[in-house]
Number of protein chains: 2
Amino acid sequence: MSMYSYILPMTKLDSCDVPLVNEEAVSEVLGAQADDVDVARLAETFQMLASPSRLRIVEALAGRELCVCDLAAVVGISASAVSHHLRQLRQMRIVQFRRSGRMAYYRLDDEHIAALFRTGLDHVRE
Amino acid sequence: MSMYSYILPMTKLDSCDVPLVNEEAVSEVLGAQADDVDVARLAETFQMLASPSRLRIVEALAGRELCVCDLAAVVGISASAVSHHLRQLRQMRIVQFRRSGRMAYYRLDDEHIAALFRTGLDHVRE
DNA sequence: AGAATATATGAATACATGCTCATACATCAA
DNA sequence: TTGATGTATGAGCATGTATTCATATATTCT
């Protein structure tokens, strides 16, 4: 037992056997944490953006809609691979699509997505 | 050598054997694409945010600095695991740190990071 | 109806990632 | 100096991911 083991309520605070240095700040953080489910979904959302191919798709769909074969031409991978990516992007509500005959036209779900792309690009370019 | 190796000018337009539907839009997209290196770094940056543990770290560091052991308490994983995450976050300039004795105090690199977290959370919550 | 086309998806393979454990390093305390 | 402490890191295992290939589904054309 560490000499730094304070007597504290049973919270996540006890899951670490290393002494807390800034106990007040840690409590404040734990009290303001987002919901576990939201954070899990957020991680999945960023995972969707963690692929050059999918980022090219998002970049291409910023401001216009495109069909699967056009996206394949833009990204430089097969239409099959694009379709797999699009399914994931749909599941995380990164993109929406509409059908027209045998074509499927994809677009970004909302302005958050383009904002994430731009902010991220600003960060890596700075 | 693939049977699909046509002799054509070397542009991405030819990398797809499916007909282009909106050739003009595709050309416009290809002309405005971000640099490959930037997109690769952007994907790595989002990869850093594609983990609940690392998101908890980012959330905790929004507006304050914390040491490794405090972060371990916040995230609920070992200090070792946190340290591995922090190294990756440092490499992608998501966090900075300062040393003080044997302590290391981490903080977010810049405002882009907190903005990505907030925008992403707004998206998953909508 | 039958052929061609645009997209979707399951399986398989190759590669990447997150955690733990063991251990190293650097600093502080006695 | 010796031992304790905070952080860092390499190896290894279990799990996850991206792509390709084969095939399915649905729509259009003849």
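Reckoned from all heavy atoms, side chains included, excluding hydrogens, waters and symmetry mates. The sequence lines fix the lettering, A, B, ..., with proteins before strands; numbering per chain opens at 1.
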Mark yes or no for whether A:Arg54, through its side chain, and A:Gln47, through its backbone, hold a donor-acceptor pair below 3.5 Å.
yes
Table please: side-chain donor-acceptor pairs of residues 97-105 of chain B below 3.5 Å, with sequence neighbours left out.
| from | atom 1 | to | atom 2 | distance (Å) |
| --- | --- | --- | --- | --- |
| B:Arg98 | NE | B:Glu65 | OE1 | 3.2 |
| B:Arg98 | NE | B:Glu65 | OE2 | 3.1 |
| B:Arg98 | NH2 | B:Glu65 | OE2 | 2.4 |

Any N/O pairs under 3.5 Å between the protein and nucleotides 14-19 of chain D? List them or say none.
| from | atom 1 | to | atom 2 | distance (Å) |
| --- | --- | --- | --- | --- |
| D:dA18 | OP1 | A:Arg54 | NH1 | 2.9 |
| D:dA18 | OP1 | A:Arg54 | NH2 | 2.7 |
| D:dA18 | OP2 | A:Arg54 | NH1 | 3.4 |
| D:dT19 | OP1 | A:Ser53 | OG | 3.0 |
| D:dT19 | OP2 | A:His85 | NE2 | 2.1 |

Under the criterion side-chain contact (heavy atoms from CB on, under 4.5 Å), which of A:Val74, A:Leu89, A:Leu66 is the partner of A:Ile57?
A:Leu89
Pairing of A:Glu59 and A:Arg56 as salt bridge, 4.0 angstrom limit
yes
Between A:His123 and B:Asp110: side-chain donor-acceptor atoms closer than 3.5 Å:
yes
Strictly below 4.0 Å: does A:Tyr106 bring a side-chain N or O up to OP1 or OP2 of C:dA6?
no
d(CD1, B:Ile57; P, D:dT7) in whole Å:
13 Å
Touch class at under 4.0 angstrom, heavy-atom based, for B:Tyr105 against every strand present:
nothing
Check the phosphate of C:dT7 against A:Arg99, side-chain N and O only, distance under 4.0 Å to OP1 or OP2. Yes or no?
no
Can you tell me how far C1' of D:dT7 sits from CG of B:Leu89, to the nearest Å?
15 Å
Between B:Arg87 (side chain only) and B:Ser83 (backbone N and O only), is there a donor and an acceptor less than 3.5 Å apart?
no
Against the side chain of B:Arg90, the closest entry in D:dA8, D:dT7, C:dA8 is D:dA8
Any side-chain N or O of B:Arg87 less than 4.0 Å from the OP1 or OP2 oxygen of D:dG10?
yes
Classify every nucleotide of nucleotides 22-30 of chain C by which part a protein heavy atom approaches to under 4.0 Å, writing B for the base, S for the sugar-phosphate alone and - for neither, in 5'-to-3' order.
B----BS--
Against the side chain of B:Ser83, the closest entry in C:dT7, D:dA8, D:dG6 is D:dA8
A:Ile113 vs A:Leu61, side-chain contact (heavy atoms from CB on, under 4.5 Å): CA-CA, chis, key distance, verdict
CA-CA 10 Å; A:Ile113 308 307; A:Leu61 295 182; over 6 Å; no
Could you tell me how far apart B:Arg98 (CZ) and D:dT7 (P) are, to the nearest whole angstrom?
12 Å
Taking B:Glu23's backbone N and O only, do any of them form a donor-acceptor pair with B:Ser27's side chain (distance below 3.5 Å, no angle check)?
yes
If you count the non-hydrogen atoms of other residues, nucleotides and ligands that lie under 6.0 Å from CD in A:Glu24, is the total more than 12?
no
Separation of A:Leu20 atom CG from D:dG6 atom P, in whole Å?
10 Å
